[in-house]
Amino acid sequence: MKTAIAFLLLLLISLSSCSKQDDCENPVDCLPPATQVGANTAGCLVNGRVLLPSGRSLGSGSVLHSQYNYFQNEYLFSITIRDRDNNDLVQVRSGNIKLAEGEKYTLIEKSDSNFSGVYIIGGAGSGIGYLTTQQEIGEFEIIKLDESKNIISGTFWFDAINIDGEIVQIREGRFDVRYY
């Protein structure tokens, strides 16, 4: 009897420690819902694996960071999703572009006047970087932009390549954040 109770307790503990990601048959179901209220949520699939903001951020930046501002006569935008547990990040950023609700933008090679996508595995500064290029592109859409409440929501996807020619696929990207 004691063995059966111990087994049941062990089974309950192991089942309760499973992450939500373990419960998803379809990885898209593990992503946050596509809301437009400034919920400060984001996520995407990296080669089919779920990437969500997670891990500690003490002294090394936020795991979910967004900015959209006008500084020194230029618009600056970026959304960064970091998974510190797996040491990777996805970022979408733009040069000097004023955003507009309902607009779709092409993610392409980085310049001062377009959008680009970045994926880094292994940590910023020491990891392997993948970038959008003229051939490896993607799309970024602004679904909601409320400048009075500093809320921006949207979707993205892109392919990016590293210096060895390896391509990573970022899919089903979504975010609903308050920007600074």
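What you see is a predicted model, and the numbers here were worked out from it, not measured in a lab. Counting begins at 1 with the first residue of the sequence.
Under the 4.5 Å side-chain contact rule for hydrophobic residues, Ile161 and Ile121 do not share a cluster. Put simply, Phe140 and Ile151 are part of two different groups of oily side chains (I, L, V, M, F, W, Y) that touch within less than 4.5 Å, one to the next. Taken together through direct or relayed side-chain contacts under 4.5 Å among Ile, Leu, Val, Met, Phe, Trp and Tyr, Leu45 and Ile137 form parts of separate hydrophobic clusters. If you chain together hydrophobic residues whose side chains sit under 4.5 Å apart, Val177 and Ile170 fall into the same group. Val168 and Leu51 fall within a single hydrophobic cluster, where Ile, Leu, Val, Met, Phe, Trp and Tyr side chains are chained together by heavy-atom contacts under 4.5 Å.
Taken from CZ in Arg49 to SG in Cys44, the straight-line distance is 8.5 Å, to the nearest 0.5 Å. Annotation: the span from Glu74 atom CD to Ile97 atom CD1 amounts to 11.0 Å, rounded to 0.5 Å. Between the CD atom of Glu136 and the CD1 atom of Ile167 there is a distance of 3.5 Å, given to the nearest 0.5 Å. Going from atom CD of Gln135 over to atom CD1 of Ile108 covers 8.5 Å, rounded to the nearest 0.5 Å. To the nearest 0.5 Å, atoms CD1 (Ile128) and CG (Asn162) are separated by 6.5 Å. Here the OG1-CG distance, from Thr106 to Asn114, works out to 9.0 Å after rounding to the nearest 0.5 Å.
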Q.
Set out, in order, the CA-CA distance, both residues' side-chain angles and the distance that settles salt bridge (Lys or Arg N to Asp or Glu O under 4.0 Å) for Asp159 and Arg171, then state yes or no.
A. CA-CA 8 Å; Asp159 292 336; Arg171 297 292 185 266; 2.8 Å; yes
Q: Show your reasoning for whether side-chain contact (heavy atoms from CB on, under 4.5 Å) applies to Leu107 and Trp157.
A: CA-CA 8 Å; Leu107 299 174; Trp157 68 268; over 6 Å; no
Q: Kindly indicate, with the supporting measurements, whether the criterion salt bridge (Lys or Arg N to Asp or Glu O under 4.0 Å) is fulfilled by Lys98 and Glu103.
A: CA-CA 11 Å; Lys98 180 166 177 37; Glu103 289 294 318; over 6 Å; no
**Q.** From CA spacing to verdict: side-chain contact (heavy atoms from CB on, under 4.5 Å), Arg93, Val118
**A.** CA-CA 8 Å; Arg93 59 189 177 199; Val118 176; 3.3 Å; yes
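Between the side chain of Ser94 and the main chain of Phe115, no donor-acceptor pair closer than 3.5 Å is present. With hydrogens and angles disregarded, a donor-acceptor distance shorter than 3.5 Å links the side chain of Glu101 to the backbone of Leu145. The backbone N or O of Lys144 sits nowhere less than 3.5 Å from a side-chain atom of Ser153 that would complete a donor-acceptor pair. Without hydrogens or angle criteria, Asp176 side chain to Gly38 main chain gives a donor-acceptor distance under 3.5 Å. Side chain of Ser66 to main chain of Arg178: a donor-acceptor pair is present (N/O by atom type, distance under 3.5 Å, no hydrogens or angles).
Across all non-hydrogen atoms, the minimal contact from Gln91 to Ser78 is NE2-CB, 4.2 Å. Between Glu109 and Ser116, the shortest heavy-atom contact is C-CB, 4.4 Å. Between Asp88 and Tyr119, the closest heavy-atom pair is OD2-OH, 3.0 Å. Across Arg174 and Val28, no two heavy atoms sit closer than the pair NH2-CG1, 3.8 Å. The nearest pair of heavy atoms linking Leu52 to Ile81 is C-CG2, 4.0 Å. Looking at every heavy atom in both residues, Thr41 comes nearest to Leu64 through N-CD2, 3.9 Å.
Looking only at side-chain heavy atoms (C-beta outward), Val63 and Arg84 come within less than 4.5 Å of each other.
When only modelled atom types and interatomic distance are considered, Asn150 and Tyr180 share no side-chain donor-acceptor pair under 3.5 Å.
Relative orientation of the Tyr68 and Tyr179 rings is perpendicular, given thresholds of 30° and 60° on the angle between their planes.
In Tyr70, the OH atom is crowded: over 12 heavy atoms of neighbouring residues, nucleotides or ligands sit closer than 6.0 Å.
Checked against a 6.0 Å centroid threshold, the rings of Tyr130 and Phe158 do not count as neighbours.
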